[in-house]
Every structure is written in structure tokens, then in C-alpha cells.
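Everything below concerns the one structure shown next.
Just so it is clear, the values below take in all heavy atoms, side chains as well, and ignore hydrogens, waters and symmetry mates.
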Amino acid sequence: MKRSIIVMNLVMAGGGDFALGNKIKDIARSTQAEGMIITVDAESRSGSIKKQENFNPGKPLNYTNPIIIVTPHSIMTPGLLAFVLQKFLYQYDINAKTVILIDEMDALRDDQSNDSDYKYALKSSGFRDVIIHSLGFSKKSLGYLPMPEQEVVRIKKSAKQDIIKILDSYNLSLPESCALYFAYLSSDTVTTCAQVFIINTLTEDRDLRNNAVYVLVCRKQKAITRLLEKLKSLFSKPPYNALFSECYISSMKDENTITSHGCTRGTGNKKIHIVITTTLPSTIFKNLTSISKTGMMSGDQSLSDYLSLKERLPYYDKQSWKEPLIDGLKARAQEMGGEELLNKFQSMVAGRTAYTGAIAFKLLAPDDAPTPTLKNNLLAFNREVFARKADRTIRDMLIKLL
């Protein structure tokens with residue numbers, strides 16, 4: 001009898017863990033195996049189950065030697081994960097010998113949570129086959145999990161009209177001559193990341209005469225006041241007031257409350273409008289990503305969605321535990337384009353470094369201009385990163401085990 005697949009999705013407070021679990025569930029479902037996904041509260045020492053859902057229903061699950069997939073596994077220590085798994089197997093009377101651990105993109109772990117520790121803990125609990133993989137862009141990592149192709153096609157087809165309809169409901173518009181820049185900022189260095197994103201994209205596109213709108217989704221509401229003050233101060237004087245003729249700044253508390261924070265005059269040749277909000281519905285978020293000229297993303301989910309929709313890397317708001325993710329991309333950038341491409345990539349990343357907590361960033365100089373060689377190397381780099389999709393690799397692995 002064909003083996004069943006059980007996905008154990010460990011989740012914390014954010015939505016990225018849920019999204020990862022659902023993507024793994026969809027890959028498992030594509031094998032046509034009977035299966036179940038259970039959502040486990042990783043912040044609970046008992047590993048309490050939040051919900052469960054069967055997929056590919058049609059016959060009872062085969063509880064004799066199913067394939068167990070745990071994702072993302074590193075948010076539990078090896079010992080706790082072994083305990084939670086054993087509790088679950090006992091509760092459902094499951095006899096499983098194969099477990100696959102799939103981690104989020106290249107996350108930093110402590111010394112007691114490396115692959116050998118997980119393998120030892122799970123084999124000591126009775127698992128015979130322990131397979132461990134990480135998403136991400138280090139040499140041994142699998143790549144990223146893309147959005148479903150049909151969703152990408154649908155969004156690209158309707159995104160612009162959908163956004164126009166929403167703006168019309170606010171009595172607003174996005175003129176054809178206006179470039180849209182979209183950022184999702186979730187770290188505690190949102191002020192630095194916002195500055196890097198705005199200054200570097202204005203510098204890169206300084207020869208474009210069209211006006212620009214910056215939509216910044218700042219997840220931490222308490223950071224917005226400081227961000228507003230810093231942006232107004234930064235753009236009120238040289239050298240950055242030379243990047244625009246007028247800079248309007250607004251914040252949006254909800255769909256009914258838009259607050260203007262004034263206008264700063266500059267010496268440049270384009271008008272810019274910076275709009276800051278704390279959240280957006282998922283559909284609007286993806287639509288804005290699709291029609292944006294350039295974006296800044298944070299974490300795994302928004303990065304994967306951006307790659308799926310734009311086929312290139314965005315600017316990146318880096319949390320300290322994402323150091324391995326950036327290190328893997330930096331190493332490949334240097335291999336493909338030397339110091340020139342490495343410096344370009346570093347100008348697209350801002351955030352805290354691991355261990356020291358220092359904020360690392362790179363602002364472009366006013367006269368920075370990409371050479372033809374850099375443009376070609378950046379295009380090749382983005383093509384390679386976009387092509388590193390992990391879904392087929394994971395599906396092939398599952399089919400071999402079924």
C-alpha cells in the first residue's frame with residue numbers, strides 16, 4: 001500500500017511559518033498520496049495541536065510507516081522536537097520510521113541545534129531514516145518555494161487594474177508616469193532599511209524623470225513615529241534633498257484614515273510621495289509587489305513571493321538570524337561578478353549582523369552608476385537565483401520514498 005504523508009507544521013506568531021507549512025502541504029498533495037497537515041504551537045512546551053486538515057481525501061490515512069515531514073524544524077530544539085513527535089505518534093497510534101526535516105531559509109542556529117543533534121535525537125527516539133534539508137541559497141540549501149504558477153499568472157494579469165480600483169475608492173490615482181516602489185519592513189532596524197531603500201533606488205533611477213511613490217509597510221507600529229521623524233530630518237538637507245523637488249510624507253492608520261505629514265522642498269527634478277502603513281491585505285500586498293518597479297522584502301515568504309513575481313532579488317531587510325542566507329548570496333555574487341557585483345548586492349541589504357548586533361548597510365554615492373559588465377553579471381545572478389526552486393526537488397524526494 002502507498003505510504004501516507006503527514007506534515008507537522010511548527011508555527012510561532014508570524015504568518016511565515018503557516019505559509020511554509022501550506023507550501024509543503026501542496027507539494028505533498030501533488031504526489032497524490034493520502035495525507036494530513038497538523039499545525040503545532042511551537043511556543044508551547046507540550047507542542048499543542050492548533051488544527052489539523054486532511055488532504056487528498058478518499059480513503060483512510062495509512063498509519064503504518066507514513067512519511068513525517070516537520071517544517072520549519074529549527075524553531076524547536078532537538079530534544080523538544082523528539083518529545084513532541086513521540087507524543088504525537090503515540091496519540092494517533094502511528095508507527096513511523098521516516099522523518100524529513102525541512103527548515104526555513106538559511107537560518108542561524110545555536111551550537112546545540114545543528115543537523116547532527118537533530119539526527120541523534122530523532123534516531124534515539126526510534127526513527128530509522130532522518131533526512132534533513134534547509135531552504136535558502138547556501139551551497140547545500142534547496143532554494144526557495146515559489147508561488148503556484150497559476151497564481152503568478154493571475155496576479156500579473158490583474159494586479160494593475162485591481163490597484164487602480166482600490167485607489168479610485170480613495171479618490172487617489174497612480175499616474176502612468178509615476179514609478180511605484182514597495183517595501184515590507186519587519187525588523188527593528190526599519191529606519192535604516194527605509195533610508196537605504198529610498199536613497200539607493202532614487203540614486204539608481206536618478207536619470208528617470210518620472211515621479212515616484214514609496215509604499216512602506218512597517219509591521220511594528222511603534223516604529224512609525226521615529227521613522228517619520230527620521231525621514232523628514234534626512235530629506236530636509238543636503239545631500240539627499242537633491243534627489244527630489246518635493247517630498248510628501250503620509251501615514252495610513254487604516255483604509256479610512258490617511259494623515260499628511262507635510263512636504264519638504266528639494267533641489268532635484270522629481271516629486272516623491274512616501275506612504276507608511278502597518279499592514280495590508282495579502283491580495284493588495286501581492287498586487288503591489290507585482291506592479292512595483294523595485295521592492296524591499298523581509299523574511300522568507302515575502303522574499304519568495306517577490307522572486308516568483310519579479311524573477312529577481314529585491315532589496316532585503318535582514319534580521320540577524322538571516323546572516324547565513326545573505327552570506328550564501330554574497331558568496332555566489334562574488335563568484336559570478338567579483339567585487340563589483342558583491343558591492344552592488346551589499347547595497348541592497350540592510351539590517352543587524354549576527355552576534356555583534358551592529359547595523360550593516362551601504363548607501364550609494366550620488367555618482368554611482370552601473371557598468372555594462374555589472375548589469376550583465378547582475379542579470380545572470382538574478383536568473384540563477386530565480387531558477388533555484390525547491391518544490392520539484394522536494395516532490396521528487398517524496399515520490400522516491402512513497
Side-chain angles (χ1 to χ4, degrees), residues 16 104-108 134-139 141 143-144 181-205 214 216-220 223 227 230 234 289 292-365 368 370 374-375 377-386 388:
E104 62 176 314
M105 286 192 192
D106 296 326
L108 195 67
S134 174
L135 299 170
F137 299 103
S138 299
K139 285 188 176 180
S141 299
Y144 71 102
Y181 299 83
F182 180 53
Y184 171 57
L185 310 172
S186 67
S187 73
D188 64 350
T189 58
V190 293
T191 300
T192 299
C193 292
Q195 292 176 65
V196 167
F197 180 56
I198 296 170
I199 291 169
N200 286 358
T201 50
L202 285 174
T203 301
E204 288 172 332
D205 298 335
Y214 285 83
L216 310 181
V217 179
C218 180
R219 195 175 77 173
K220 298 185 178 181
L227 176 58
K230 188 66 177 180
L234 183 74
T289 299
S292 64
K293 186 177 187 305
T294 309
M296 174 175 254
M297 299 293 137
S298 184
D300 289 2
Q301 180 65 18
S302 61
L303 172 59
S304 297
D305 286 354
Y306 189 95
L307 279 168
S308 300
L309 291 165
K310 307 296 286 184
E311 302 185 13
R312 63 178 185 268
L313 282 166
Y315 278 74
Y316 193 69
D317 170 14
K318 181 182 74 69
Q319 305 273 16
S320 60
W321 58 85
K322 285 299 181 181
E323 197 85 21
L325 174 66
I326 299 306
D327 286 345
L329 288 167
K330 282 165 59 176
R332 188 59 184 141
Q334 189 161 28
E335 288 174 3
M336 295 184 69
E339 291 299 313
E340 187 178 41
L341 182 57
L342 176 61
N343 287 333
K344 167 59 181 174
F345 177 70
Q346 288 177 321
S347 75
M348 297 174 64
V349 178
R352 293 197 186 278
T353 58
Y355 307 115
T356 66
I359 301 176
F361 64 96
K362 177 180 173 61
L363 292 174
L364 294 177
D368 275 340
L374 174 58
K375 289 181 179 179
N377 287 336
L378 182 60
L379 181 62
F381 178 57
N382 277 319
R383 283 175 176 167
E384 180 178 291
V385 174
F386 170 68
R388 284 196 65 182

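- The pair Lys139-Glu335 meets the salt-bridge criterion, since a charged nitrogen lies less than 4.0 angstrom from a carboxylate oxygen.
- Nearest approach of Ala354 to Leu108, heavy atoms of both residues: CB-CD2, 3.7 Å.
- The 12-atom threshold is exceeded at CZ of Phe386, counting heavy atoms of other residues, nucleotides or ligands nearer than 6.0 Å.
- A 4.5 Å side-chain heavy-atom check between Asp300 and Lys322 finds at least one atom pair inside the cut-off.
- Using a 4.5 Å heavy-atom cutoff, the side chains of Arg352 and Gln319 are not in contact.
- Aromatic ring centroids of Tyr214 and Phe197 lie under 6.0 Å apart.
- Using a 4.5 Å heavy-atom cutoff, the side chains of Leu307 and Asn382 are not in contact.
- For NZ of Lys375, the number of neighbouring non-hydrogen atoms (other residues, nucleotides, ligands) closer than 6.0 Å is 12 at most.
- When only modelled atom types and interatomic distance are considered, Thr189 and Thr192 share no side-chain donor-acceptor pair under 3.5 Å.
- Side-chain contact between Val196 and Leu363 is present, with at least one heavy-atom pair separated by less than 4.5 Å.
- Between Met336 and the options Asn377, Leu341, Leu378, a side-chain contact (heavy atoms from CB on, under 4.5 Å) holds for only Leu341.
- Ring geometry for Phe137 against Tyr144 counts as tilted: the plane angle lies between 30° and 60°, on a 0 to 90° scale.
- In this structure, the side chains of Met297 and Phe182 come closer than 4.5 Å at one or more pairs of heavy atoms.
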